[in-house]
Amino acid sequence: MRLSGKTALITGGNSGIGLATAKLFVAEGAKVIITGRNKETLEAAAKELGPNGIALVADATDVAATEAAIKKGTEKFGKLDIVFANAGIPGSTPLGSTTLDVFEKVISTNLTGVFFTVQSALHYINDNASIILNGSVISVLGVPGYSAYGAAKAGVRALARIMASELSPRGIRVNVVAPGATRTPIWGAAIATPEAEKAFEKRLGLSTPLGRIAEPDHISKTVLFLASDDAGHIQGQEIFVDGGAVASPAGAPIYRG
Ligand code: NDP
């Protein structure tokens, strides 16, 4: 087991990538504190995780609530060795019809919330810990309609590099996992019916060299690697888990003869 004796915090651990990572971490021997806003899905996730999981309601945009949850979780499971700042929301912010409220909500959750999750965790984290931030291919792909989301995720990359500098004296590593399209509830209506999901997969697969979307475990296994001692000398990096969409777009099925 690769995380025996370690304690992890995962924000947004009650759904999608966060939940897959929480389950993998528990299977690898860790004790896991998950947070989110939805009490019902948190309770369901806690049942799945068993005695080595604890689920706490904490909105990532509420600094006091986040710090209180970390305090409570670490009182039960001990100081943190791993933080996965994963909580995030989608958000369409096209030029011409975007309100300030919507734009700021995406930034406050996906960027400001990430900074304050890490800052709050600092009081409760061990030296030589691993912090992983959840980024996105949308930080670099220029996808129309995603100004706030893309800017927040590009900001997450900058945060990781700056935090890596600030935390290196404590031996704490900070890296980014940047997923491509991944099969999770974040896609909402786009995958609400089997037909919609099939069309969504086909569309995204066409622009992905490996010809498919990611499953949550493609991402969680990369997070496990970054969290583990196997990644002990990796600092300030961003790993795209996207089937080649960012690095090798010309290899996508849409360009094949
Ligand atoms: P899900 O919608 O399945 O999960 C999002 C999680 O974030 C939920 O657990 C949700 O819990 C939590 N969350 C959202 N807002 C807050 C908040 N204010 N405070 C606390 N928790 C919050 O989506 P994914 O698993 O796909 O998303 C996880 C991360 O992966 C996000 O950062 C997303 O941007 C990123 N990502 C996802 C991709 C994809 O294609 N799926 C691609 C690239 C990046 P609750 O609702 O209870 O608050």
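Just follow the structure's listing: the first ligand is 1, and inside any ligand the first atom is 1. Just the heavy atoms: all of them, side chains too, but no hydrogens, waters or symmetry mates, feed the values below. Keep in mind the model is a prediction, meaning the values are calculated, not measured.
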J.: Applying side chain to side chain contact (heavy atoms under 4.5 Å, CB included) to Met163 and Ile131, what does each step give before you reach the verdict?
T.: CA-CA 9 Å; Met163 289 173 172; Ile131 296 173; 5.6 Å; no

J.: Relative to the heavy atoms of Thr109, which atoms of ligand 1 are at a distance of less than 4.0 Å?
T.: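 Once the distances to Thr109 are compared, the set is 15 (N), 18 (N).
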
J.: Does the side chain of Thr99 pick up a donor-acceptor pair with the side chain of Asp101 at under 3.5 Å?
T.: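 Thr99 vs Asp101: no donor-acceptor pair found between side chains.
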
J.: Applying the 4.5 Å side-chain criterion to the ILVMFWY set and letting contacts propagate, would Val137 and Val114 be lumped into a single cluster?
T.: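 No, no single cluster joins them.
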
J.: List the atom of Leu133, the atom of Phe84, and the distance in Å for their closest heavy-atom pair.
T.: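 Taking every non-hydrogen atom into account, C-CE1, 4.5 Å.
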
J.: Return yes if some donor-acceptor pair links the side-chain N/O of Gln235 with the main-chain N/O of Ser165 below 3.5 Å, else return no.
T.: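 Not at all, since once roles are kept as given, no pair shorter than 3.5 Å links the two residues.
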
J.: Any nitrogen or oxygen of Gly12, side chain or backbone, less than 3.5 Å from one on ligand 1?
T.: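 There is such a contact, yes.
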
J.: Identify, by atom number and element, the atoms of ligand 1 in contact range of Asn134, meaning under 4.0 Å from any of its heavy atoms.
T.: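 The list of qualifying atoms is 29 (C), 30 (O), 35 (C).
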
J.: Tell me whether Pro185 reaches ligand 1 (any heavy atom closer than 4.0 angstrom to a ligand atom).
T.: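 Contact check Pro185 vs ligand 1: positive.
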
J.: Looking at side-chain heavy atoms only, is the closest gap between Ser130 and Asp81 below 4.5 Å?
T.: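 Not touching, per the 4.5 Å side-chain cut-off.
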
J.: What I want to find out is whether Lys71 reaches Glu75 closely enough, with some N-O distance under 4.0 Å, to be called a salt bridge.
T.: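 A salt bridge links Lys71 with Glu75.
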
J.: Any idea which protein heavy atom is nearest atom 1 (P) of ligand 1, and the distance to it?
T.: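 Answer for atom 1 (P) of ligand 1: Ser15 OG, 3.6 Å.
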
J.: Among all the protein's non-hydrogen atoms, which is closest to atom 5 (C) of ligand 1, and how far away is it?
T.: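 Looking only at protein heavy atoms, the one closest to atom 5 (C) of ligand 1 is Gly88 O, 3.6 Å.
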
J.: For atom 9 (O) of ligand 1, which candidate among Ile10, Asn14, Ile186 holds the nearest heavy atom?
T.: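 It is Asn14 that holds the nearest heavy atom.
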
J.: Answer yes or no: is there a side-chain heavy-atom contact under 4.5 Å between Thr66 and Phe116?
T.: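 No, their side chains stay 4.5 Å or more apart.
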
J.: Please assess Thr7 against Ile33 for the test side chain to side chain contact (heavy atoms under 4.5 Å, CB included), listing each intermediate value before the final yes or no.
T.: CA-CA 8 Å; Thr7 296; Ile33 304 156; 4.1 Å; yes

J.: Below 4.0 Å, non-hydrogen atoms only: which portion of Lys153 touches ligand 1? Side chain, backbone, both or neither.
T.: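 The side chain, only.
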
J.: Is Ile89 touching ligand 1 with its side chain, its backbone, both, or neither, if touching means heavy atoms under 4.0 Å apart?
T.: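 The answer is the side chain of Ile89.
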
J.: Is Glu28 paired with Lys6 through a side-chain N to carboxylate O contact shorter than 4.0 Å?
T.: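 Looking at Glu28 together with Lys6, the answer is no, because their closest N to O distance does not fall below 4.0 Å.
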
J.: Suppose we measure from atom 19 (N) of ligand 1 to each protein heavy atom; which comes out shortest, and what is that distance?
T.: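 Minimum-distance protein heavy atom for atom 19 (N) of ligand 1 reads Ala60 N, 2.7 Å.
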
J.: What atoms of ligand 1 come within less than 4.0 Å of a heavy atom belonging to Pro179?
T.: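 Reading through ligand 1 atom by atom, the close ones are 42 (C), 43 (C), 44 (C).
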
J.: Please could you name the atoms of ligand 1 that Asp59 approaches to less than 4.0 Å, counting only its heavy atoms?
T.: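 Heavy-atom distances to Asp59 below 4.0 Å select 17 (C), 18 (N), 19 (N).
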
J.: Could you work out, for atom 38 (C) of ligand 1, the closest of Ser136, Gly180, Gly36 by heavy-atom distance?
T.: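 The option holding the nearest heavy atom is Gly180.
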
J.: Do Arg256 side-chain atoms and Gly251 backbone N/O form a donor-acceptor pair below 3.5 Å?
T.: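 Answer holds: yes.
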
J.: Hey, looking at atom 45 (P) of ligand 1, which of Lys39, Arg183, Arg37 has the closest heavy atom?
T.: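 It is Arg37 whose heavy atom sits nearest to atom 45 (P) of ligand 1.
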
J.: Enumerate the atoms of ligand 1 whose separation from the nearest heavy atom of Tyr149 is less than 4.0 angstrom.
T.: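 Contacts of ligand 1 toward Tyr149, numbered from 1: 33 (C), 34 (O), 35 (C), 36 (N), 43 (C), 44 (C).
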
J.: Does Ala58 have a non-hydrogen atom less than 4.0 Å from ligand 1?
T.: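 It does; at least one heavy atom falls under 4.0 Å.
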
J.: At a 4.0 Å threshold, what atoms of ligand 1 neighbour a non-hydrogen atom of Gly16?
T.: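 Heavy-atom distances to Gly16 below 4.0 Å select 3 (O), 25 (O).
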
J.: Answer side chain, backbone, both or neither: which part of Thr184 comes under 4.0 Å from ligand 1, heavy atoms only.
T.: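 Answer for Thr184: side chain.
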
J.: Among all protein heavy atoms, pick the one closest to atom 22 (C) of ligand 1 and tell me residue, atom and distance.
T.: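 Here the closest protein heavy atom is Ala87 CB, 3.6 Å.
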
J.: Is Ala178 touching ligand 1 with its side chain, its backbone, both, or neither, if touching means heavy atoms under 4.0 Å apart?
T.: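 For Ala178, no heavy atom sits under 4.0 Å from ligand 1.
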
J.: In terms of atom number and element, which parts of ligand 1 are under 4.0 angstrom from non-hydrogen atoms of Gly135?
T.: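 Under 4.0 Å from Gly135, ligand 1 has these atoms: 43 (C), 44 (C).
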
J.: Give the atom numbers and elements of ligand 1 that come within less than 4.0 Å of a heavy atom of Ala181.
T.: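 Near Ala181, meaning under 4.0 Å from one of its heavy atoms, ligand 1 has 40 (O).
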
J.: Verify side chain to side chain contact (heavy atoms under 4.5 Å, CB included) between Ile234 and Phe225, making sure each step is shown before the conclusion.
T.: CA-CA 10 Å; Ile234 298 183; Phe225 166 67; 3.6 Å; yes

J.: Is the shortest side-chain heavy-atom distance between Glu197 and Glu201 below 4.5 Å?
T.: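 Result yes, sub-4.5 Å side-chain heavy-atom pair found.
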
J.: Taking atom 37 (C) of ligand 1 as the point of reference, which of Asn86, Ile17, Thr182, Leu19 owns the nearest heavy atom?
T.: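 Comparing heavy atoms across Asn86, Ile17, Thr182, Leu19, the nearest one to atom 37 (C) of ligand 1 lies in Ile17.
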
J.: Would Asn110 count as being in polar contact with ligand 1, using the rule that some N or O on each side must be under 3.5 angstrom apart?
T.: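 Such a contact does not occur with ligand 1.
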
J.: Please lay out, stage by stage, how Gln237 and Val176 fare under the test side chain to side chain contact (heavy atoms under 4.5 Å, CB included).
T.: CA-CA 6 Å; Gln237 296 299 309; Val176 177; over 6 Å; no

